[in-house]
Each structure stands twice: as structure tokens, then as C-alpha cells.
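Scroll down for the structure; my scribbles are underneath it.
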Protein chains: 2
Amino acid sequence: MDKKIIGIDLGGTTAKFAILTPEGEIQQKWSIDTNILDDGKHIIPEIIESVNHRIKLYNMNAENFIGIGMGTPGSVDSEAGTVIGAYNLNWTELQYVKKQIEEGTGIKFAIDNDANVAALGERWKGAGENDPDVIFVTLGTGVGGGIVAAGNLIHGVAGAGGEIGHITVDPEGFECTCGKRGCLETVSSATGVVRLARFLAEEYAGDSKLKAMLDNGEEVTSKDIFEMAQADDPFGLMVVDRVCFYLGLACGNLGNTMNPSSIVLGGGVSAAGEFLRSRVEKYFNQFTFPQVQQSTKIKLAELGNEAGVIGAASLALKFAE
Amino acid sequence: MDKKIIGIDLGGTTAKFAILTPEGEIQQKWSIDTNILDDGKHIIPEIIESVNHRIKLYNMNAENFIGIGMGTPGSVDSEAGTVIGAYNLNWTELQYVKKQIEEGTGIKFAIDNDANVAALGERWKGAGENDPDVIFVTLGTGVGGGIVAAGNLIHGVAGAGGEIGHITVDPEGFECTCGKRGCLETVSSATGVVRLARFLAEEYAGDSKLKAMLDNGEEVTSKDIFEMAQADDPFGLMVVDRVCFYLGLACGNLGNTMNPSSIVLGGGVSAAGEFLRSRVEKYFNQFTFPQVQQSTKIKLAELGNEAGVIGAASLALKFAE
């Protein structure tokens, strides 16, 4: 039997698991709840238990696996296999994840942060078409990202590589949780889109259902804003245009500096699909020089929820070399 | 005798040569004029002749060399070893540089563009301290750059990686030769600094020798502007502050996305030294989030003219592997 790889996508609510072929085909999937009680100390033991249980269930053993790869929130030291500062897991102290999982399963283990792992997934089996230069931007509650350049994930000197959400797109923009101003995240995350809408609503004088809702203090989500824009609400269209201006500027400068074959948009906000993509592309073209315009494509993510387990599993391929 | 490497820095006026140890120590240096007559067809034959002449002069032969590396203007295909569009060499058609040089010298040959090669030089033996993640920004007649990430030079899908001069720093800024607006080059190259000064002079009302010179239509260089700023000319200080704002914004976003250990400023404009560096750093700190502020350093280039031959030579090290 050909050896398999295991991918784990650890989140604050659930941990997703998959067994894949080395070619990236998912053969089995399951998930467990993430138990964050007691400073998250049950998380790793329960992951180990679940992996061992499934391996046994499928009449397999540790020797049938090339390795396990995992994506996790928090600050990851991929060399050491440790994690710290994953607040939604209650991991405030250093966690020796690699050591525990290797001892508990007898299988080699690799780890990286969740945004990087999702980037690897989209690059390998999704919109990135396994090219050596692919950038992934995830537009969710926050804005994250991962950069694969010349075939390697870019971690940078302190692991802060790929923090696309903190690109400054407006030197005089909104304050960000990171401490500086005008970060891409402040205007293009799910909450950022709403913040931008509230800000622009103050100046907008025309007729608009969206503006009326905001002025009435109704709860509005970024999904609402995109839906109303798609239904031709004029103020909604103005907000989406501004969001795409900032995304196009940030993606444009990523293109100008890295010239990847594609910049892939994923995460909840990207559910707006081609409506979003085409508008980001318009500004991307405005902010890139001809060589980049012609060679770097703006794409939508293709894997959705599975990007995490697939990308995580790809980390384990290094043990096959 | 240990084997050596040869580095060639080909420019529109001269071609510089060096013989180095594999550790990057220069043992011999020389240069020849670049003969761009007849569509630049003499350039490669004269380089071959010069290399063969020197090798003989030093009682060496092809077997004593690991390889030759070269930096060149123009659009380079490093895989194929070809160059096109090097207008200051009169190379408008495809040049088979690698093929000619390997046949003419019997030594293996590698090539990349001049900005990338200078980046490799500063990374290897200069301010980059041989770290895996280093970005080089050269502020000259234009603004160029090279990005080394996870140990690899970033070329991108169409070879446009590292075009730092075309980062958009002001969506409504000056038109650039590349066809778009607000490129870093339009406000921080030698001509860009002067353009910015002329633009700002229109609004500046205070007393200033620099403003008087500009208003009188006198010829002013970026060097003059930096010198007057250093002599406390208030308008000069304002211009330099704005130049550094844009450089700090661009470097900040390079830091936010790549988190290199250092961003190295080189080229003619960087002759302003610490006066420039400290001001760029001020804005870099404003435009980066804490993790990057603390780990990515803004530095001045250390190798000057020799970055080209040293970086070029480093290309040849791959033949030793």
C-alpha cells in the first residue's frame, strides 16, 4: 500500500482531520470539537487520541504514513514545532506540539500557522495550480495571508512574513488593533467593510437602503453590504468600490514586488465571488506596471474549507524526500 | 590551488570584473569599456577576450574556476542565459550570452539582472550579513531592487519580481515612465527627488535658498537638495522628509509582507547616509506593526561599487554544489 499523509486544521471551535494520498487526494475526513478548557491542555492529547483511533479503524499503523502536518492559530516556530499566543485555544504559554504528537502517534510531524497552511493548500490543489510563486489573501474576521515565493513559504526573520492584513493602504486611515493606522484589515475584513460603510455613510447624501439601515442603527454585516451592492444599492456599490480600491492597491503592490503567477482571494468576504474579484482586478490593473498586469492573475480561492487540511498535509511531504 | 569564481558587472559604460575566492574575497579586479557599437555585438566577444587574457596572465586556466556569474541590464532569462531589451547596451534583440561565454571561455556561466545581482552582493558580503531574507533597494537614476526570501532570489512568474521602484506610494501621484501613477521611483530616484522638490516649491511660502534656486530656474540635483537639507534649509528638510515618508511607506509594506532581517538602501541617493536612513526608519516604524518594527532593520549598503561583481560571482557558487 502506498503511504499516506495526514492533514490537521486546528481552530478555536473544531479540529479538522484528513487522510490524503501524497498527490493531495482526500481519502478520509473527520473532525472533533476543540476542547479549550484548562488552558487548552486537552487539545493535543485529544488530537493524538483521534488520530490513533482512526488509524486503527482503517486497519493502518504509523508505518503507513509519511507524516502529519498541522495548521494552527498563534505564533509558530516551525523548526522547533512549538506554538505560543494562540488566544482562541487558550494557549498563552509555549506548547511543545511536535514533541507530543510525534511521541503520541509515532509519526513525523510538521506545523505552520493557519494562514500559511491555507496558502499552501490553495497553491497545491486550488487556484494556485502548484506554481512556485503564489500569494493567498484571506478576507475573514481579520485579513491574513501566506506568500509562497520561488517555491518556499515566506516566514521572514521573526515569523511575521505574509501578514498581508497589515499592509498600510491609507497612511491616514483607521486605527488597527496592531497599533498602527490604515492597515488593509481595517477596511477589508468582515468588520472592516462595515466600519468603512459607517464612515462613508456620514458623507453620503443620496438615496440608499443601506445608508438608511446604518443611519437607523440597524445591525449590518459585510455580507449584507455586498448583497445590497449586488442589488444595485448605490451606496452599497460605493462601499464595495472603496473596499476593492484598497484590496487592488495592496494586491498591486504585492504584484509589483513579487510578481506571483496568482494572488488568490479567499475567506468569508470572498464569498462575493466574481463581483468582488473583477473589481479588485480593475484596481490591481491600475496599480501595477504592464509586465505584472500581464503575468499576475487575481483569482478566487477554490478549496474553501478544505484548504487548511490539504495545505497542512502538504507540510508532511518533506518527510518523503 | 582552491578553485575561484569570476564576477562580471556589465554596465552601459564599463564592464567590471573580479576574481574571487568561494568565500567572496576579491583577489583581482579590472574593468574594460563597454563597446555598444553595432547593436552591442562586440560586448560579449570583448568580455570573453578579457577573461581569457586575464586567466592566462595569472597562469590559470578554465579548470581553476568554479564558474562565472554576471549581472546585466535588461530583461534576463536566467534559465536560458539570455538577455533582451538592454537599451543602454543597444541590445534590442535576444542575446545568447550564456552560450557564447561558455563556449568562449570553457567555464560554466550564470546570469541575472544588475539589481538582483547587487542585492545578492549586499546580502552575501555587505549589510545583509548573509541572512536568508534580505531586501535591497537601489536609489539611483531609477529605483530598483532585489528580494532574497527564504534564501532565494525572487524572480516571479515573468521576471518582474523585485521591481521595488514601481510600488505605488501615492495613488494620485506623479506619472511614471511605466505608465502608471505614484510609483516610488517618481519621488525617490535622483530625478524623482528633484521633481518632488519642484512640486512642493509651488506651495512653500517660507524663506529658503533651495526654493529660491528652484524658482530662479537654476539647475538643482538631488545631491544639492540633500546637502541643503543637511545645512538646515527648511524647505530642503521638508523635501527630504517627504522623500523619506514615501521610502518609509514602501519599506514598511515590504517589511509587513516579507519580514526580512534587513532592508538595505543603496545607490547614489543613499550617499546621504545616516541623514537619509534615520528618516526612512522613522516612517518605517510608523508603517509597520510591532513584530516587524522589532525584527526588520533599515540599513545602508556597505559594498558600494563592488556589490555588482561580488553578487554576480555568487551566482557561480551553484556550480560548486
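Reminder, nothing fancy here: chain letters follow the sequence lines and each chain counts from 1.
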Residue part contacting chain A, namely of B/Ser262, when any heavy atom lies under 4.5 Å: neither
Heavy-atom neighbours of B/Arg242 CZ exceed 12 at 6.0 Å: no
Donor on one side chain, acceptor on other, A/Lys180 and A/Thr168, under 3.5 Å: yes
Closest non-hydrogen atom pair between B/Ser261 and B/Val134, with its separation: OG-CG2, 4.1 Å
Contact winner vs chain B - A/Thr296, A/Leu254, A/Ile164, A/Thr288, heavy-atom pairs under 4.5 Å: A/Thr288
A/Ile154 portion near chain B, given a 4.5 angstrom heavy-atom threshold: side chain
Top of A/Val292, A/Leu153, A/Asn152 for chain B proximity - count of heavy-atom pairs under 4.5 angstrom: A/Asn152
Pick from B/Ser75, B/Gly162, B/Gly151 with the largest number of heavy-atom pairs that fall under 4.5 Å of chain A: B/Gly162
Under 4.5 Å from a heavy atom of chain A, the part of B/Asp133 involved: side chain
Per-residue contact mode, B/Ile135 against chain A (heavy atom under 4.5 angstrom): neither
Chain A contact via B/Leu249 - which portion, at a heavy-atom distance below 4.5 Å: side chain
Ring centroid separation B/Phe199 to B/Phe174 under 6.0 Å: yes
Most chain B-contacting option - heavy-atom pairs closer than 4.5 Å, from A/Gly156, A/Ala250, A/Gly182, A/Gly145: A/Gly156
Ion pair B/Glu281/B/Lys299, N-O distance below 4.0 Å: no
Pick from A/Pro290, A/Ala160, A/Ser295, A/Gly252 with the largest number of heavy-atom pairs that fall under 4.5 Å of chain B: A/Ala160
Residue, of A/Met258, A/Gln294, A/Arg181, that accumulates the most heavy atom pairs under 4.5 Å with chain B: A/Met258
Atom group of B/Pro171 that falls short of 4.5 Å from chain A, counting heavy atoms: both
Between A/Cys178, A/Pro132, A/Gly165, the one whose heavy-atom pairs under 4.5 Å with chain B are most numerous: A/Cys178
B/His155-B/Asp112 side chain donor-acceptor pair, cut-off 3.5 Å: yes
Any B/Leu247 side-chain heavy atom under 4.5 Å of B/Phe284 side chain: no
Parallel, tilted or perpendicular: ring planes of B/Phe245 versus B/Phe287, cut at 30 and 60 degrees: perpendicular
Atom pair CH2/CG of A/Trp124 and A/Leu315 - distance to nearest 0.5 Å: 10.0 Å
